[in-house]
Every structure is written in structure tokens, then in C-alpha cells.
**Student:** 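For reference, the structure I am asking about is given below.
Computed over heavy atoms, backbone and side chain alike; hydrogens, waters and symmetry mates excluded.
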Amino acid sequence: MTTTEQLTQVFYDNFVAYYRSHTAHVNITGRNFRSDHKILEGVYTRRQDQIDKLGELLRTLQATMPTDLTEIINHSELSSDPVEGTADELLQMVYDDLEQLCECYKELNDIAEEDEHDEIANYAQEQILDLNKSLWILRSTLE
């Protein structure tokens, strides 16, 4: 796989992770609503910010940002199941999505390093650190 192909995969997965975490944020209920709502806001905001960044990185590689929502959903490795359940189930779903997205970024890092796209490898490493922080917060909340 090339850097461009993996970057496109990261875009797909990031976009779906953004949507699913934003939906969980809006629909979560329960005794810990305020704190869960705030945690999920942080998650979806950071994923939303990456949509533009990933699109711009694709343009630097002379590729285009994906333009078809069906393509994005169909090619994402994240689940397209409905975003519903208890607060713990929603938090676990977001955790699982971010864990998978982190793996996708790790693959991007490896491929970008191999292809000598240092700036993209550095970006992937930054996102891995950010995702690991979100995973820690979610894991600590779920324990």
C-alpha cells in the first residue's frame, strides 16, 4: 500500500469515528451525562479537526479528498452499526473505534516512513499520541 492509499484509509476511518463519536455525544444520557458528554465532545472535536488536515495532506500528494459519503462509509474499517445503547455501551463503542483508528495511523506512520514522507509520518505520530490520550480517558471512565 502507498502513503496516499493509507492516508485515504485514515480519512475514511477518521470521518466515521468523527460521526459516531459526535452522535454518541449528542445522544448519551444517564447519571454521568455531563462528564460523558464533555469527554465525547473532546473526542469528536479532535476527529472533526482532522478532516480538513487529512484532506490537505492528500492534496499535497496530488490526490483528492474523498467526495462520496457512501464510499467513505463502505471503505471505512469502522462499524457502520447504529450508534445507540447505554452510556457505557456508547463510550465502549467510541473507545473501540478510536483503538482501531490508532492502528490505522500506526500503519500510516510505517508506510510514510518507508516512502520517505517524513512530514506525514510525523503527523501520524502526533495523532497516535492524541488518540492514546483519548483512549486513556475513555478506559479510565469505563473502569
Side-chain angles (χ1 to χ4, degrees), residues 1-28 32-143:
M1 185 173 282
T2 67
T3 299
T4 302
E5 291 168 333
Q6 186 62 27
L7 192 59
T8 301
Q9 184 62 53
V10 169
F11 182 92
Y12 296 147
D13 291 351
N14 182 83
F15 194 93
V16 172
Y18 154 71
Y19 176 80
R20 287 168 56 86
S21 60
H22 198 156
T23 302
H25 160 81
V26 171
N27 291 333
I28 202 159
N32 298 314
F33 166 78
R34 187 160 177 75
S35 61
D36 292 346
H37 189 73
K38 195 71 172 164
I39 289 168
L40 291 170
E41 180 180 20
V43 170
Y44 87 74
T45 299
R46 287 191 300 284
R47 293 303 99 220
Q48 183 181 35
D49 290 346
Q50 298 317 304
I51 293 169
D52 186 62
K53 182 66 176 174
L54 288 162
E56 290 173 353
L57 286 172
L58 283 165
R59 296 301 292 148
T60 67
L61 297 175
Q62 299 181 349
T64 57
M65 185 173 110
T67 60
D68 183 326
L69 286 174
T70 303
E71 174 188 335
I72 292 168
I73 294 165
N74 289 340
H75 287 89
S76 174
E77 294 176 355
L78 302 183
S79 172
S80 61
D81 291 341
V83 179
E84 55 193 16
T86 66
D88 282 353
E89 290 168 338
L90 290 173
L91 291 172
Q92 185 65 54
M93 178 211 68
V94 170
Y95 179 89
D96 293 343
D97 287 352
L98 294 186
E99 196 170 48
Q100 194 167 347
L101 181 59
C102 191
E103 290 303 314
C104 195
Y105 270 107
K106 288 176 183 176
E107 290 177 38
L108 175 62
N109 176 61
D110 293 346
I111 293 167
E113 283 181 347
E114 190 174 297
D115 290 348
E116 298 182 3
H117 288 290
D118 295 336
E119 70 288 353
I120 294 174
N122 290 340
Y123 165 75
Q125 292 165 17
E126 289 171 11
Q127 290 308 300
I128 292 164
L129 285 171
D130 182 69
L131 286 162
N132 279 322
K133 182 176 180 181
S134 292
L135 288 165
W136 162 61
I137 292 167
L138 288 163
R139 187 173 48 252
S140 295
T141 301
L142 286 164
E143 289 179 350

**Student:** Within the side chain of S76, is there an N or O that forms a donor-acceptor pair under 3.5 Å with the backbone of I72?
**Tutor:** no
**Student:** So, for L135 and E99, which heavy atoms are closest and what is the spacing to 0.1 Å?
**Tutor:** CD2-N, 3.7 Å
**Student:** Determine whether more than 12 heavy atoms belonging to other residues, nucleotides or ligands lie under 6.0 Å from atom CD of E114.
**Tutor:** no
**Student:** For the backbone of C104 and the side chain of Q6, can you confirm whether one donor and one acceptor N or O come within less than 3.5 Å of each other?
**Tutor:** yes
**Student:** Could you go through the side-chain contact (heavy atoms from CB on, under 4.5 Å) check for L142 and D88 one step at a time?
**Tutor:** CA-CA 7 Å; L142 286 164; D88 282 353; 4.0 Å; yes
**Student:** Would you call the rings of Y44 and H22 parallel, tilted or perpendicular, taking 30° and 60° as the class edges?
**Tutor:** parallel
**Student:** side-chain contact (heavy atoms from CB on, under 4.5 Å), that's the test. Do E143 and R139 meet it? Break it down for me.
**Tutor:** CA-CA 6 Å; E143 289 179 350; R139 187 173 48 252; 3.7 Å; yes
**Student:** Verify, without hydrogens or angle tests, whether E77 (side chain) and Q100 (backbone) share a donor-acceptor contact under 3.5 angstrom.
**Tutor:** no
**Student:** Do E84 and N27 touch side chain to side chain, with heavy atoms closer than 4.5 Å?
**Tutor:** no
**Student:** For D115 and H117, indicate whether the former's side chain and the latter's backbone hold a donor-acceptor pair under 3.5 Å.
**Tutor:** no
**Student:** Take Y123 and Q127 through the test side-chain contact (heavy atoms from CB on, under 4.5 Å) and record every step on the way to the result.
**Tutor:** CA-CA 6 Å; Y123 165 75; Q127 290 308 300; 3.6 Å; yes
**Student:** Heavy atoms only: give me the nearest M65-G55 pair and the separation to one decimal.
**Tutor:** SD-CA, 3.8 Å
**Student:** What distance do T45 atom OG1 and H25 atom NE2 have between them, rounded to the nearest 0.5 Å?
**Tutor:** 7.5 Å
**Student:** Could you tell me which non-hydrogen atom of S21 sits nearest to which non-hydrogen atom of L40, and how far apart they are?
**Tutor:** O-CB, 4.2 Å
**Student:** With rounding to the nearest 0.5 Å, note down the distance linking CG in D36 to OG1 in T141.
**Tutor:** 7.0 Å
**Student:** Would you check if there is a donor-acceptor pair between the side chains of E126 and N122 at a distance under 3.5 Å?
**Tutor:** no
**Student:** Would you indicate whether the side-chain heavy atoms of D68 and N74 approach each other to under 4.5 Å?
**Tutor:** no
**Student:** Decide if atom CD of E119 counts as having more than 12 heavy atoms of other residues, nucleotides or ligands within a radius under 6.0 Å.
**Tutor:** yes
**Student:** Does D13 reach the main-chain N or O of L101 with its side chain, forming a donor-acceptor pair under 3.5 Å?
**Tutor:** no
**Student:** Restricting to non-hydrogen atoms, name the atom on S79 and the atom on V16 that form the minimum distance, rounded to 0.1 Å.
**Tutor:** O-CG1, 3.9 Å
**Student:** Thinking salt bridges, do D130 and R47 make one under a 4.0 Å N-O criterion?
**Tutor:** yes
**Student:** Between R59 and E56, does any side-chain N to carboxylate O distance fall below 4.0 Å?
**Tutor:** no
**Student:** Please name the pair of heavy atoms, one in C102 and one in N132, separated by the smallest distance, quoted to 0.1 Å.
**Tutor:** SG-OD1, 4.0 Å
**Student:** Roughly how far, to the nearest 0.5 Å, is the CG atom of L7 from the OG1 atom of T3?
**Tutor:** 8.0 Å
**Student:** Side-chain contact test, heavy atoms from C-beta onward, threshold under 4.5 Å: evaluate it for T4 versus L58 and give yes or no.
**Tutor:** yes
**Student:** If you define the side chain from C-beta out and look only at heavy atoms, does anything of V94 sit under 4.5 Å from V43?
**Tutor:** yes
**Student:** Is there a side-chain hydrogen bond (donor to acceptor under 3.5 Å, both in side chains) between Q92 and D96 once you walk through the steps?
**Tutor:** CA-CA 6 Å; Q92 185 65 54; D96 293 343; 2.8 Å; yes
**Student:** Please round to the nearest 0.5 Å and tell me the distance separating atom CD1 of I120 and atom OH of Y105.
**Tutor:** 11.5 Å
**Student:** Go through L61 and L57 one step at a time and tell me if the side-chain contact (heavy atoms from CB on, under 4.5 Å) criterion holds.
**Tutor:** CA-CA 7 Å; L61 297 175; L57 286 172; 6.0 Å; no
**Student:** Taking all atoms of both residues into account, what is the closest heavy-atom pair of L54 and N14, and its distance?
**Tutor:** CD1-CB, 3.8 Å
**Student:** To the nearest 0.5 angstrom, please state how far the NZ atom of K38 sits from the CZ atom of F33.
**Tutor:** 11.0 Å
**Student:** Starting at CD of E113, measure out to CG of L108 and round the result to the nearest 0.5 Å.
**Tutor:** 10.0 Å
**Student:** Checking Y12 against E71: is there a side-chain donor and acceptor pair closer than 3.5 Å?
**Tutor:** yes
